[in-house]
Visitor: 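Sharing a structure, written as structure tokens. Questions coming.
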Amino acid sequence: MSKKKTEKNIKDEEVKSENQNTEEPKAEETNPLEKELQETKDQLLRITAEYANFRKRSEKEKSESFSFATAKTVGEILATVDNLERALSNDNEDFEALKKGVQMTYDGLMASFEKLGVTAFGEVGDTFDPNFHNAFSHIEDENLGENVIATVYQKGYKINDKVVRPAMVITAN
């Protein structure tokens, strides 16, 4: 019988040792590498969320900026539209009054452009620059210098230093 008890005790000890091995380690006994891995994962998740929020915020700011710029531009040009509507509704057939009204409307539009930073360029006598001018023809004229604008068919416009539309010109020599 003592032999049976010993075998039973050995089996009980084996079961106890297996149960002890399958128990999860306490928080204090966690591997430092696993802890560092978990912290790195958490940090990566936070950075990913911050980046997603940044992209959404940037897209919203871009959209709002575009809307604001468009509203400012339209607001500047509305006075010109009003003047044109008044000119068209006038039944007076006086050519000089109509010409004066068109000139005033043009001046108002150019003043609005100036407020928006838009400037016209491309004048007869200017030096031809392919960055600002589109030469669609060339003539020979001894009265004009070399590489000079002889005729302007369409003025060019730029906002600050960015060309909106190049001037359409004829160059000489």
Side-chain angles (χ1 to χ4, degrees), residues 18-90 98 100-138 146-172:
E18 284 178 11
N19 287 341
Q20 287 176 353
N21 289 340
T22 58
E23 290 179 5
E24 293 185 24
K26 295 181 182 176
E28 302 151 0
E29 298 172 6
T30 303
N31 186 348
L33 291 176
E34 288 178 8
K35 184 177 179 183
E36 185 178 339
L37 177 64
Q38 187 60 41
E39 288 174 358
T40 305
K41 283 181 180 178
D42 290 345
Q43 187 179 20
L44 182 61
L45 287 173
R46 284 189 189 102
I47 289 171
T48 304
E50 286 177 18
Y51 180 69
N53 290 338
F54 171 75
R55 281 189 311 160
K56 289 176 187 174
R57 189 172 51 251
S58 294
E59 190 64 35
K60 182 180 177 186
E61 288 173 0
K62 180 180 167 185
S63 175
E64 288 174 354
S65 176
F66 179 76
S67 296
F68 177 76
T70 302
K72 182 178 178 183
T73 302
V74 170
E76 285 296 327
I77 296 174
L78 283 177
T80 303
V81 172
D82 293 340
N83 288 338
L84 287 172
E85 285 177 346
R86 280 191 286 276
L88 291 172
S89 67
N90 189 357
L98 180 63
K100 181 180 177 186
V102 170
Q103 183 64 48
M104 289 172 60
T105 302
Y106 174 79
D107 293 342
L109 182 59
M110 295 312 289
S112 294
F113 277 175
E114 188 175 322
K115 286 180 185 176
L116 295 170
V118 177
T119 55
F121 62 88
E123 299 291 329
V124 173
D126 287 352
T127 302
F128 175 76
D129 182 350
N131 296 318
F132 296 102
H133 307 105
N134 182 12
F136 66 92
S137 184
H138 180 77
E146 189 172 326
N147 210 23
V148 173
I149 297 173
T151 307
V152 177
Y153 279 103
Q154 201 174 51
K155 285 185 179 180
Y157 291 91
K158 61 183 179 176
I159 297 176
N160 301 323
D161 291 332
K162 182 179 173 30
V163 175
V164 176
R165 181 181 79 187
M168 212 177 244
V169 298
I170 294 177
T171 59

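Since we're looking at a predicted model, the values are computed, not measured. Starting from 1, each residue takes its place in the sequence as its number.
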Visitor: Applying side-chain contact (heavy atoms from CB on, under 4.5 Å), name anything that partners Leu116, two or more places apart in sequence or on another chain.
Guide: Lys72, Thr73, Glu76, Val118
Visitor: Please list all pairs meeting side chain to side chain donor-acceptor pair (under 3.5 Å) that have one or both residues in residues 112-133, counting only residues at least two apart or in different chains.
Guide: Asp129-Asn131
Visitor: Thr80: what forms a side chain to side chain donor-acceptor pair (under 3.5 Å) with it, not counting sequence neighbours?
Guide: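 Per chain and number, Thr80 pairs via side chain to side chain donor-acceptor pair (under 3.5 Å) with no residue.
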Visitor: May I ask you to check whether over 12 heavy atoms, not counting those of Tyr106, lie within 6.0 Å of atom OH?
Guide: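 12 or below, so no.
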Visitor: Could you pull out all donor-acceptor pairs under 3.5 Å where a side-chain atom in residues 44-67 meets a protein atom, sequence neighbours excluded?
Guide:
residue: Thr48; atom: OG1; partner: Leu44; partner atom: O; Å: 2.8
residue: Asn53; atom: ND2; partner: Ala49; partner atom: O; Å: 3.4
residue: Ser58; atom: OG; partner: Phe54; partner atom: O; Å: 3.0
residue: Ser67; atom: OG; partner: Ser63; partner atom: O; Å: 3.1

Visitor: Mind checking side-chain contact (heavy atoms from CB on, under 4.5 Å) for Glu39 and listing every partner two or more places apart, or none if nothing turns up?
Guide: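 Glu39: side-chain contact (heavy atoms from CB on, under 4.5 Å) contacts with Lys35.
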Visitor: Without placing hydrogens or testing angles, list every side-chain donor-acceptor pair under 3.5 Å for residues 158-169, not counting sequence neighbours.
Guide:
residue: Arg165; atom: NE; partner: Lys155; partner atom: O; Å: 3.2
residue: Arg165; atom: NH2; partner: Lys155; partner atom: O; Å: 2.7

Visitor: For the OG1 atom of Thr171 and the CG atom of Asn134, what is their distance to the nearest 0.5 Å?
Guide: 10.5 Å
Visitor: List for me each residue that meets side-chain contact (heavy atoms from CB on, under 4.5 Å) alongside Asn147, sequence neighbours excluded, and say none if there are none.
Guide: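 Result, side-chain contact (heavy atoms from CB on, under 4.5 Å) vs Asn147: Phe128.
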Visitor: Kindly check if the number of other-residue, nucleotide or ligand heavy atoms within 6.0 Å of CE (Met110) is above 12?
Guide: yes
Visitor: Any chance you could measure Tyr153, atom OH, to Phe136, atom CZ, to the nearest 0.5 Å?
Guide: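 Between atom OH of Tyr153 and atom CZ of Phe136 there are 5.0 Å.
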Visitor: Quick one: CG on Asp42 to CG on Leu37, what's the gap to the nearest 0.5 Å?
Guide: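 Answer for the CG-CG pair, Asp42 versus Leu37, is 9.5 Å.
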Visitor: State which residues pass ring pair (Phe, Tyr, Trp, His ring centres under 6.0 Å) with Phe132; sequence neighbours excluded, sorted by chain then number.
Guide: Phe121
Visitor: Not counting sequence neighbours, which residues clear side chain to side chain donor-acceptor pair (under 3.5 Å) with Gln103? List them please.
Guide: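 Gln103: side chain to side chain donor-acceptor pair (under 3.5 Å) contacts with Asp107.
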